[in-house]
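What follows is one structure encoded as structure tokens, with my remarks underneath.
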There are 2 protein chains.
Amino acid sequence: MATPLLTKNQTLVMDALSHSEGPMSAYTILDKLRDHGFRAPLQVYRALDKLLEYGLVHRLESLNAFVACTCPHDHEHDHGVTAFTICEGCGQVTEFHDAAIEQRLSALTRAQNFKTEKTTIEIRGHCQSCA
Amino acid sequence: MATPLLTKNQTLVMDALSHSEGPMSAYTILDKLRDHGFRAPLQVYRALDKLLEYGLVHRLESLNAFVACTCPHDHEHDHGVTAFTICEGCGQVTEFHDAAIEQRLSALTRAQNFKTEKTTIEIRGHCQSCA
DNA sequence: GCAATTGATGTAATAACATTACATAACCAC
DNA sequence: GTGGTTATGTAATGTTATTACATCAATTGC
């Protein structure tokens, strides 16, 4: 699916995430966008739902927070499994993809006849600077 | 570290999780234990913190819920990376471990000089019965 | 014995994250 | 412009997790 044009609210949320140093919670985004007319959490969550669907944003389950996708290319095709390192010190999040892990997980789930819909891989720890 | 004897509250929470079919939220556990004198969320969270520390329980980040560890052996040594398949249909959670994935993740994090403290791998989808 | 420390517990309040319900407005097809 | 769909606005509520403070019990050191 080609990414459709973003609506006003989706654009505001996307911009907030893109310009952020690190991940943001939905409520942090809400606060950033109050000046732009945001009043309620639902405005943020609705925009995030779409951005997640389009693959422009990722949700970090272990943080209850969101980051802009850092993939350089377009988002018209699925990139398969996305993994993250998350630094507890500085909050830096690094997104990466690895075919070997993807294949291995695929083999393991196939072995239990499990049909994968979404894979979460999040590695908490400390980055080089914060170690 | 050898697992110390569990306190009364820890035992109650552990038993609740062990006897549960699937994962439970902290508040679900609280409700189950009201008859045993539990009154407040903190009683559950404190017990869970210790059980997580001892490796007897795992937290499922994508569900905000907890499961008893299904490893058959004792918990005196670390089992490395734990991964889960989580069925959206029946709620069944299957824990598994894989050295290949662990090694691959280790290589990838080492390459960015990232010091791993905790790794989360959760695969959402549908099990054989619910596919 | 008994202060001092430590760990476990009890209780209340609040903070943080997310959804449901319902109403209104904008857009597009016909 | 009527009807259907999507986006939006607002309020209320539901769910998950933590902070603050008090009490109690076991252990240690003297």
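Sequence lines set the chain letters: A, B, ... in the order given, protein chains first and strands last, and positions in each chain run from 1.
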Aromatic contact between A:Phe84 and A:His58, with the criterion being ring centroids under 6.0 Å apart: yes or no? yes
Can the ring centres of B:Phe114 and A:His126 be said to be less than 6.0 Å apart? no
Report the C-alpha separation of A:Thr120 and B:Glu61 in whole Å, then their side-chain angles, then the decisive distance to 0.1 Å, and conclude whether the side-chain hydrogen bond (donor to acceptor under 3.5 Å, both in side chains) test is met. CA-CA 9 Å; A:Thr120 297; B:Glu61 300 289 352; over 6 Å; no
Atom pair distance, as rounded to whole Å: [atom1] in [X] and [atom2] in [N]:
X       : N      : atom1 : atom2 : answer
A:Lys8  : C:dA25 : NZ    : P     : 15 Å
A:Leu60 : C:dC17 : CG    : C1'   : 15 Å
A:Leu6  : D:dT6  : CG    : P     : 17 Å
B:Asp49 : C:dG7  : CG    : P     : 15 Å
A:Phe66 : C:dC17 : CZ    : P     : 10 Å
B:Leu63 : C:dT19 : CG    : P     : 13 Å

Expected output is a numbered-order residue list: members of residues 11-47 of chain A with a heavy atom under 4.0 Å from any atom of DNA chain D. What is it?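 Heavy-atom cutoff 4.0 Å gives A:Arg39, A:Ala40, A:Leu42, A:Gln43, A:Arg46.
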Can you find a side chain N or O atom of A:Asn64 that sits less than 4.0 Å from OP1 or OP2 on C:dA18?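 True: A:Asn64 side-chain N/O within range (under 4.0 Å) of C:dA18 OP1/OP2.
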Less than 4.0 angstrom between a side-chain N/O of B:Arg59 and OP1 or OP2 of D:dA17, yes or no? yes
Linking I/L/V/M/F/W/Y whenever their side-chain heavy atoms sit closer than 4.5 Å, directly or via other members, would A:Leu56 and A:Leu60 fall into one cluster? no
Of the non-hydrogen atoms in A:Ala68 and A:Glu95, which two are nearest, and what is the gap between them?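 The pair with the smallest heavy-atom distance is O-OE1, 4.4 Å.
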Distance-only check: which donor-acceptor pairs under 3.5 Å involve side-chain atoms of residues 24-33 of chain B, not counting sequence neighbours?
unit_1, atom_1, unit_2, atom_2, d
B:Ser25, OG, B:Tyr27, N, 3.4
B:Ser25, OG, B:Thr28, N, 3.0
B:Ser25, OG, B:Thr28, OG1, 2.8
B:Asp31, OD1, B:Arg34, NE, 3.3

Given C:dG10, D:dA7, D:dT16, the nucleotide with the shortest approach to the side chain of A:Thr7: D:dA7
